[in-house]
Amino acid sequence: MAVPAPTDHPATSAFAAPHRGLARFAADLADGTSTSTEAVTSALDRIEASQPTLNAFRVVRREKALAEAAEADRRIAAGERLPLLGVPIAVKDDTDIAGEPTAFGCGGEFAPKTEDAESVRRLRAAGAVIVGKTNTCELGQLPFTSGAAFGHTRNPWHAERTPGGSSGGSAAAVAAGLVPAALGSDGAGSVRIPAAWTNLVGIKPQRGRISTWPLPEAFHGLTVNGPLARTVADAALLLDLAAGPHAGDLHTPAPVTVSEAVGRDPGSLRIALSLRIPFTATRTALDPQVEAAVLRMATTLRALGHSVTVADLHYGLMIGASFLPRSMAGISRVCDTMPGAVVDPRTRANVRLGRLLNGPALFAARQAEPLLHRRIGSFFRDYDLVLAPTTATPPPRATDIDGIGVNDTNNLITAACPYTWPWNVLGWPSVNIPAGFTDDGLPIGAQLMGTASSEPLLVSLAAQVESELHWERRRPEPWW
């Protein structure tokens with residue numbers, strides 16, 4: 001499929017509505033510039049027209065979303081005002097919506113859920129209309145969004161490439177202008193990786209910032225929910241509106257209002273530039289074009305008045321030994337809650353491994369986290385945050401994941417994405433920001449990484465960089 005090169009074209013009718021900022025979108029609905037019914041109908045039409053090619057959604061809620069939009073219009077007409085009243089939003093298909101199944105990328109038949117996840121409840125309380133559930137790979141295991149149950153989700157920037165994963169459906173939906181923002185989840189980079197490969201902002205917040213309820217924690221504390229959007233302001237607003245605890249949550253960090261940091265001067269920061277790849281059993285290397293993009297980002301940060309010093313993080317072996325049991329045991333636990341799920345042989349192999357590790361190895365992995373906090377936290381005595389690549393390579397072809405075994409799969413995903421997972425072990429915030437494009441027009445990302453509850457600082461800096469680089473102005477040429 002031929003794909004035009006990306007350009008800095010002005011918004012066309014297909015892009016105009018979804019590329020308004022979330023706050024502006026809600027304001028336009030409130031002042032009568034447009035109606036929620038019009039906006040939601042337009043979003044649903046874009047989604048359904050793109051499904052045969054882009055394939056971003058697993059569930060499209062046309063009838064229910066239109067009814068909710070009509071109700072939003074009635075509430076607006078009656079004078080009610082909420083931050084997202086009537087605005088169309090999407091969530092990933094690992095997140096429960098009452099009345100819809102949660103397949104989490106798997107094949108099989110699943111009963112509709114009876115209650116909203118806490119994050120969805122909060123988005124609805126802010127007035128959002130959830131138009132659908134976006135595709136994800138089986139149990140969120142891959143930086144690809146592919147599976148036998150639904151096929152391949154494609155990258156809006158190039159039809160042959162993956163948008164990343166496991167929140168690739170959410171990323172594709174936002175990058176293609178189907179919705180203005182979406183919620184994903186990140187257990188080893190699953191928000192930041194697809195954000196990097198689709199020219200979006202993706203925030204992995206502090207563990208517990210957005211509730212994972214009905215799970216007290218997800219994947220033994222590795223996985224958090226986070227927003228994907230075109231701008232820092234939109235991602236921060238969606239984060240704030242989805243954030244907040246449920247009484248059953250295991251992790252409840254002190255609240256922050258991240259949106260207040262957008263436009264705030266971060267001051268002159270001490271930033272460590274770390275290109276070092278955390279230890280893996282697979283041979284990995286940083287692609288020269290990705291390295292060049294991250295170095296350009298460092299130059300931009302210096303021009304903005306920050307000190308950027310090459311200073312590699314040394315993660316050590318303990319952090320990897322902590323990640324594997326938590327990840328694999330998490331996969332087995334989720335699969336055990338989904339009787340009748342039809343999954344790939346590679347998933348079944350990971351489930352078996354997870355059952356083996358769900359014992360002393362898992363206990364030791366959880367016990368190691370405070371030690372890792374102290375050791376890696378000591379790095380931040382000299383630096384305020386870290387700049388690193390989000391991925392080691394540009395987005396691979398979507399079909400590269402097809403028909404290969406467990407070892408080849410592990411080699412493929414590790415070679416492409418070795419940078420993000422340590423921050424899931426630590427539970428600390430990290431933000432992907434767009435860092436440019438390869439010579440072939442494929443997006444590249446860089447991540448800003450901080451210590452506990454540092455979202456305001458990261459967002460303040462990310463917004464400052466956005467005001468300089470204006471990545472939100474560059475959009476893919478529609479092919480879908």
>> Between Glu68 and Arg124 (salt bridge meaning N to carboxylate O under 4.0 Å), is one present in this structure?
In response: yes
> So, are Arg230 and Glu472 salt-bridged, with charged N and O less than 4.0 Å apart?
Replying inline: no
> Quick one: are Pro429 and Ile203 in side-chain contact, heavy atoms under 4.5 Å?
Replying inline: no
>> Within 45 degrees of the ring normal and closer than 6.0 Å to the centroid, is that where the cationic atom of Arg474 sits relative to Phe437?
In response: yes
> Any idea which heavy atoms bring Pro389 and Ser274 closest together, and the distance?
Replying inline: CD-O, 3.6 Å
> With the threshold set at 4.0 Å, does a side-chain nitrogen-carboxylate oxygen contact exist between Glu100 and Lys64?
Replying inline: yes
> Between Arg270 and Asp382, is there a salt bridge with N-O shorter than 4.0 Å?
Replying inline: no
>> Checking side-chain polar atoms at under 3.5 Å, does Asp73 have a donor or acceptor matched by the opposite partner on Thr37?
In response: yes
> Do you know the tightest heavy-atom contact between Leu178 and Ala43?
Replying inline: O-CB, 3.5 Å
> Are the side chain of Ser211 and the backbone N or O of Pro245 linked by a donor-acceptor pair below 3.5 Å?
Replying inline: no
>> Between Lys133 and Asp93, does any NZ, NE, NH1 or NH2 come within less than 4.0 Å of an OD or OE carboxylate oxygen?
In response: yes
>> Using side-chain hydrogen bond (donor to acceptor under 3.5 Å, both in side chains), reason through Asn432 and Thr390 one step at a time and then give a plain yes or no.
In response: CA-CA 7 Å; Asn432 176 79; Thr390 302; 2.7 Å; yes
>> Side chains of Ser185 and Lys92: any donor to acceptor distance under 3.5 Å?
In response: yes
>> Rounded to the nearest 0.5 Å, what separates atom CD1 in Ile97 from atom CG in Leu123?
In response: 9.5 Å
> Backbone N or O of Gly305 within a donor-acceptor pair of the Ser268 side chain at under 3.5 Å?
Replying inline: yes
>> A side-chain contact here means heavy atoms from C-beta on lying under 4.5 Å apart; do Pro396 and Phe144 qualify?
In response: yes
>> For Asp96 and Val120: C-alpha separation, side-chain torsions, deciding distance, then whether side-chain contact (heavy atoms from CB on, under 4.5 Å) applies.
In response: CA-CA 8 Å; Asp96 292 350; Val120 170; over 6 Å; no
> So, Ser166 side chain and Ser190 main chain: donor-acceptor pair closer than 3.5 Å or not?
Replying inline: no
> Given the rule in the side-chain hydrogen bond (donor to acceptor under 3.5 Å, both in side chains) test, do Thr33 and Asp31 qualify, once you have shown the distances and angles that lead to the verdict?
Replying inline: CA-CA 6 Å; Thr33 302; Asp31 67 17; 2.5 Å; yes
>> Using the ring centroid of each side chain, check whether Trp428 and His373 are separated by less than 6.0 Å.
In response: yes
> Do Asn155 and Arg397 have a side chain donor and acceptor closer than 3.5 Å?
Replying inline: no
> So, His306 and Gln464: side-chain donor and acceptor under 3.5 Å apart, yes or no?
Replying inline: yes
> Salt bridge check: are Glu217 and Arg207 linked by an N-O gap of less than 4.0 Å?
Replying inline: no
>> Using every non-hydrogen atom in the two residues, find where Ala72 and Leu85 come nearest and quote the distance to one decimal.
In response: CB-CD1, 4.1 Å
> Between the side chains of Ser430 and Gln447, does any donor sit under 3.5 Å from an acceptor?
Replying inline: yes
> Strictly by modelled atom types, are Arg296 and Thr300 linked by a side-chain donor-acceptor pair under 3.5 Å?
Replying inline: no
>> Less than 4.0 angstrom from a charged side-chain N to a carboxylate O is my criterion; do Arg209 and Glu455 meet it?
In response: yes
> With distance as the sole criterion, is a donor-acceptor pair present between the side chains of Thr198 and Trp157 under 3.5 Å?
Replying inline: no
> Can you check whether Leu142 reaches Ile401 side chain to side chain, under 4.5 Å on heavy atoms?
Replying inline: yes
